[in-house]
Number of protein chains: 2
Amino acid sequence: MVKKSDGKRKISESTIKRLSLYYRALSLLEKENQETISSKELARREKLTPAQVRKDLSFFGSFGTRGLGYPVSELKQQISEILGVNRVWNVAMVGVGNIGSALVSYKEFQKQGFIIKLIFDNDQRKIGSNHKGLIVSDIREMARLLREHHIEIVILAVPAIVAQYIVDEVVAAGIKAILNFAPINLQVPPDVYLRTENMSMELEYLSFTLTNRRPPAE
Amino acid sequence: MVKKSDGKRKISESTIKRLSLYYRALSLLEKENQETISSKELARREKLTPAQVRKDLSFFGSFGTRGLGYPVSELKQQISEILGVNRVWNVAMVGVGNIGSALVSYKEFQKQGFIIKLIFDNDQRKIGSNHKGLIVSDIREMARLLREHHIEIVILAVPAIVAQYIVDEVVAAGIKAILNFAPINLQVPPDVYLRTENMSMELEYLSFTLTNRRPPAE
DNA sequence: CAGGGCATGTGAAACCTTTCACAATAAGAA
DNA sequence: TTCTTATTGTGAAAGGTTTCACATGCCCTG
Ligand SMILES: NC(=O)c1ccc[n+]([C@@H]2O[C@H](COP(=O)([O-])OP(=O)(O)OC[C@H]3O[C@@H](n4cnc5c(N)ncnc54)[C@H](O)[C@@H]3O)[C@@H](O)[C@H]2O)c1
Ligand SMILES: NC(=O)c1ccc[n+]([C@@H]2O[C@H](COP(=O)([O-])OP(=O)(O)OC[C@H]3O[C@@H](n4cnc5c(N)ncnc54)[C@H](O)[C@@H]3O)[C@@H](O)[C@H]2O)c1
């Protein structure tokens, strides 16, 4: 039994992120041919609590069997439907510099169904060159190409200074989902989903914990 | 007046992450020679609420002036002390592949005081080669070199399959802070701070929102 | 086919975070 | 100096998330 019809469930960001963790864990378990898994064991593997695992899953349905646990393959399939990763997403990369090229070369994204179809830059020396089988397109062709190739997700790896400008173009081209790597707060209309990956923030978080940690046993 | 002595304040992860945002915003404001900023304006710039900004800052002290706002340079300085970014951190990178090289080439980290001093790999073809002025060291020398160069933070950019093994070595070498890019849940002792940057999770989050978004006006 | 054991699913409680709302108060005007 | 205006700093309220605890119910054994 899967809850589908009640369209106004408010699922929290943390629940969705944990679904990603469950999905990854279940993929590994499936490879190991394990047939079922308990919330306890799944929690242990992802450093969570069993109650949290059960509560998260319960928002979407009842997938387990009392006394036994969850069927690995079936639950994985269910979560893939919830996350929308049971399909292929057409992705474009904008900015083929250090981080942009690294991401284009990363095969895991493709394996997970995020297929980078187009890559853009404004550097004449890069336009036309080949990156892992993809030809760098001119940024001036972006709006047209995004539409023609039915791109649904854009990854932004351009300098922060031009990021807002590019976002405006991307939004104007009808894109509704953007993953941004520039360390800047970008403005988008409410129907566009934006996630910003901020690596400096993670380093600063480590810096904070190192700085403010309890002094080692006085 | 700065709260310093009360050592058991529990500061939430989200507050710390927002401090990073404030810090970045204040750096920009300082460059624009703005002298003061209100919680209202700071909130607007980072898409937060004024109350949140004030509450966050109030955990650490009273930095503002009623009726006027916060002094930009002074607040920036205070936050840099809180985050521990008013100093230099010695960093090592393990794994000089796609993402590792991209991060080593990224000058912003150095500018922020996170200085990559050492880079490691186990690939004989890479060991000894030059990346942005740094020579790739043999992973077998890691424990010794980490100590000799007083490294405090390690960035992990190795394949997931070897990540736990490397973490164990890094921990054995006395490192207390690790930023991990491998999509795997790593085990560390309680006195070691680990942050994992999971880009697939962000793409899956976008996939979820695109899949489950309210259908556009029926 | 009955009973014990085990793990789910879930309200309720506990806990944590954000927002509200206003007294306090500094700056600048008059 | 006193008044006006603006904005902080912060308890209290509201809202959200996690954990607890247990009834429920399926599996497996005998
Ligand atoms: N390199 C990293 O490890 C890293 C880490 C965290 C964040 N970032 C962020 O990611 C972004 C890219 O970083 P990078 O190191 O790859 O920089 P980079 O300079 O190597 O790459 C940026 C690319 O964007 C292209 N570009 C510039 N303006 C453009 C435009 N108007 N249209 C299209 N393309 C344009 C450039 O030609 C270049 O190829 C930056 O915002 C940076 O802050 C990078
Ligand atoms: N490339 C990306 O965009 C990207 C994105 C997200 C996550 N990641 C993760 O980051 C990690 C690195 O990815 P990548 O694309 O750079 O891979 P890569 O294969 O290009 O680089 C990995 C590097 O680690 C080195 N290495 C392997 N075993 C080692 C060992 N035992 N000791 C020292 N070095 C060792 C390899 O020689 C190689 O240089 C992976 O875990 C990947 O899942 C990468």
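Chain letters run A, B, ... following the sequence lines, proteins first, then strands; residues in each count from 1. Every value quoted in this text rests on a predicted model; they were computed, and no experiment measured them. When reading the values below, keep in mind they use all heavy atoms of this one structure, side chains included, and skip hydrogens, waters and symmetry mates.
A perpendicular orientation is assigned to the rings of B/Tyr106 and B/Phe109, their planes being inclined by more than 60° (bins at 30° and 60°).
Distances shorter than 4.0 Å separate none of the side-chain N or O atoms of B/Arg54 from OP1 or OP2 on D/dG9. OP1 and OP2 of D/dA6 both lie 4.0 Å or more from every side-chain N or O belonging to B/Arg66. Note on A/Thr65: every side-chain N or O is 4.0 Å or more away from OP1 and OP2 of D/dC26. Dashed line: the shortest gap from a side-chain N or O of A/Thr49 to OP1 or OP2 of D/dT18 is not under 4.0 Å. Taking side-chain N and O atoms only, B/Tyr70 has a distance below 4.0 Å to OP1 or OP2 of D/dG9. Checking the phosphate oxygens (OP1, OP2) of D/dT17, no side-chain nitrogen or oxygen of A/Gln52 falls inside 4.0 Å. Between B/Ser38 and D/dT7 there is no side-chain N or O to OP1 or OP2 distance below 4.0 Å.
Taking OH of B/Tyr23 as the reference point, atom CG of B/Leu21 lies at 13.5 Å (rounded to 0.5 Å).
Nucleic acid contact for B/Thr15: none, since no nucleic acid atom lies under 4.0 Å from a heavy atom of the residue. Among the heavy atoms of the strands lying under 4.0 Å from B/Lys55 is at least one base atom, whether or not backbone atoms are also near.
At whole-Å resolution of the value, NZ in B/Lys40 and P in D/dT5 are 16 Å apart. Look at CG on B/Leu75: it is 11 Å from P on D/dT8, rounded to the nearest Å. Here the C1' atom of nucleotide D/dG16 and the CZ atom of A/Arg18 are 12 Å apart, to the nearest Å. Atom pair A/Lys10:NZ and D/dT18:C1' shows a separation of 15 Å (rounding to whole Å applied). Atom CZ of B/Phe63 and atom P of D/dT10 are 11 Å apart (whole Å). Between A/Glu35 atom CD and D/dC27 atom C1' there is a gap of 14 Å when expressed in whole angstrom units. Going from atom CG of B/Leu68 over to atom C1' of C/dA26 covers 8 Å, rounded to whole Å. Across the protein-nucleic acid pair, B/Asp56 atom CG and C/dT19 atom C1' stand 12 Å apart, rounded to whole Å.
Electrostatic pairing of B/Arg87 and B/Glu152 counts as a salt bridge here, judged by a charged N lying under 4.0 Å from a carboxylate O. No salt bridge links A/Lys17 with B/Glu204; every basic N to acidic carboxylate O contact stays at or beyond 4.0 Å.
Nearest approach of A/Val72 to A/Leu26, heavy atoms of both residues: CG1-O, 3.7 Å.
Mapping A/Ser12 and B/Ala51 onto DNA chain D by nearest heavy atom places B/Ala51 closer to the 5' end of the strand.
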